[in-house]
There are 2 protein chains.
Amino acid sequence: MSQKKKQEQLIEQIGLGIEGNLHLSPLAARIYALIILSSEEGLTFEEIRAIILSSKSSTSVNINVLLQLDYILFYTKPGDRKRYFKLAKYSSLVLLEAYLDGTDMEMEMVEKINDYNRNYFPEKFTNEESVGQIFESYLEEKKQLVERTISKMKEFRESEKKH
Amino acid sequence: MSQKKKQEQLIEQIGLGIEGNLHLSPLAARIYALIILSSEEGLTFEEIRAIILSSKSSTSVNINVLLQLDYILFYTKPGDRKRYFKLAKYSSLVLLEAYLDGTDMEMEMVEKINDYNRNYFPEKFTNEESVGQIFESYLEEKKQLVERTISKMKEFRESEKKH
DNA sequence: TTAGTAGTTCGATAGTTTACGAACTAATCG
DNA sequence: CGATTAGTTCGTAAACTATCGAACTACTAA
């Protein structure tokens, strides 16, 4: 298959995956997918438009959403007004940090639910109540895993700076 | 604070949390939240309606969505036509199983992206390329954690059946 | 200082989602 | 049977989202 065809196909697939998971608009998700599948050089506004076939306005809005979220970044070349958009090197760190917030919220919620139920429906907590316990330790481990991964990435980033 | 007020507040909060995370409609999310905050006895259709203040039609549709997903179940009492809706005991298992599917998709996607990029932009993979590696081992560990938790819950369910 | 390039802002509109009410079905009871 | 209860189906209205084109700003280069 040609690169172009393969790229189109992957943009479609990855776009759909991203859209649901990351709560981005379909267009933002496709632009993000395209940038993930691009060279270190980056792509210009018009290059993106030519591949995705989107209007200037929507492209502008959605690129800015991705910039705002730190999923992508841009640089410029001297004597060239165009912006070159590329994947933020630590975009996966940004993602994990957002995910950690979600995990914290999830844990808070479970705690509130347990408080409420323990208070008003103590019968729910009579015996060992193990399904809930298994789930809670799962949440705890997941949080620790995410935190550990974030630390590793930050360490790596620091070690890079020193060179 | 009165139970009623506290319940209302939590339905609102949990509902919002669930809505985004689980891709349920606002009403489905609230009904789910209410059922999470209810006794083992369960609630009837009309009891749910009275608390959530929703129409018969929407309530029907959204309860059926939750039933379909195995988040809730109902039982009936002899000589009583009403259905009593309550939380499915292993609803967290159902959730984790869905989450595992999501994790698998995520990993497949990363693989596809890597294949594509390795093919067309080998420069992205010159040095040790550690951010990607850290992220991939995070995904692997997450998957294992979820699988381990699912197994634990299933074991627990089996051990319960024997009694 | 004007022409062109790069990108933004602002309505308008098409499409989707969410919930509703009214009319319906299906089961039970007197 | 006829009335009542429990819940479903269907068409529609309201709200929201995603994208667009046209008009605009801002910067650059001749």
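Here is the naming used below: chain letters follow the sequence lines, and residue numbers restart at 1 for every chain.
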Participant: What integer distance in Å separates F45(A):CZ from dT5(C):P?
Facilitator: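 Distance, rounded to whole Å: 15 Å.
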Participant: Phosphate oxygens OP1/OP2 of dT8(C): is one of them under 4.0 Å from a side-chain N or O of S57(A)?
Facilitator: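 S57(A) to dT8(C) OP1/OP2: no side-chain N or O under 4.0 Å.
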Participant: Tell me which nucleotide among dT8(D), dT18(C), dT19(D) gets nearest to the side chain of S60(B).
Facilitator: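 Among the listed nucleotides, the one closest to the side chain of S60(B) is dT8(D).
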Participant: Is S58(B) near enough to dC20(C) that one of its side-chain N or O atoms lies under 4.0 angstrom from OP1 or OP2?
Facilitator: yes
Participant: Can you tell me if the side-chain N/O atoms of K56(A) get under 4.0 Å from OP1 or OP2 in dG7(C)?
Facilitator: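 For K56(A), the contact criterion (side-chain N or O under 4.0 Å from OP1 or OP2 of dG7(C)) is not met.
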Participant: Would the base of dT28(C) count as contacting R81(B) through its side chain, where contact means a donor and an acceptor less than 3.5 Å apart?
Facilitator: no
Participant: If the cut-off is 4.0 Å, is S54(B) near the phosphate of dA19(C), judged by side-chain N/O to OP1 or OP2?
Facilitator: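 Negative; the distance criterion is not met.
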Participant: Rounded to the nearest angstrom, tell me the gap between atom NZ in K82(A) and atom P in dT5(C).
Facilitator: 10 Å
Participant: Surrounding NZ of K77(A) (heavy atoms of other residues, nucleotides or ligands, distance under 6.0 Å), is the total greater than 12?
Facilitator: yes
Participant: When you measure from the centre of the six-membered ring of Y116(A), is the NZ or CZ of K6(B) under 6.0 Å away and within 45° of the axis?
Facilitator: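 Because its charged atom misses either the 6.0 Å distance or the 45° angle limit, K6(B) does not stack over Y116(A).
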Participant: Report the distance from atom CG of L16(A) to atom P of dA18(D), rounded to the nearest whole Å.
Facilitator: 14 Å
Participant: Over how many whole Å does the gap from L27(A) atom CG to dG15(C) atom P extend?
Facilitator: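 That distance rounds to 17 Å.
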Participant: Can you find a side chain N or O atom of R83(B) that sits less than 4.0 Å from OP1 or OP2 on dT8(D)?
Facilitator: yes
Participant: For a 4.5 angstrom cut-off between non-hydrogen side-chain atoms, does T149(B) reach F135(A)?
Facilitator: no
Participant: Measure from CD on E47(A) to P on dG7(C) and round the result to the nearest Å.
Facilitator: 10 Å
Participant: Distance check needed: dT17(D) P versus H23(A) NE2, whole Å only.
Facilitator: 13 Å
Participant: Applying a 4.0 Å non-hydrogen cut-off, can you work out what S25(B) is touching in the nucleic acid: base, sugar-phosphate, or nothing?
Facilitator: sugar-phosphate
Participant: What integer distance in Å separates I48(A):CD1 from dT8(C):P?
Facilitator: 11 Å
Participant: Please verify the inter-ring angle class for Y32(B) with Y71(B); under 30° counts as parallel, over 60° as perpendicular, anything in between as tilted.
Facilitator: parallel
Participant: When you measure from the side-chain N and O atoms of N62(A) to the phosphate of dA18(D), is any distance below 4.0 Å, counting only OP1 and OP2?
Facilitator: no
Participant: Looking just at side-chain N and O atoms, do E106(A) and N21(B) make a donor-acceptor pair shorter than 3.5 Å?
Facilitator: no
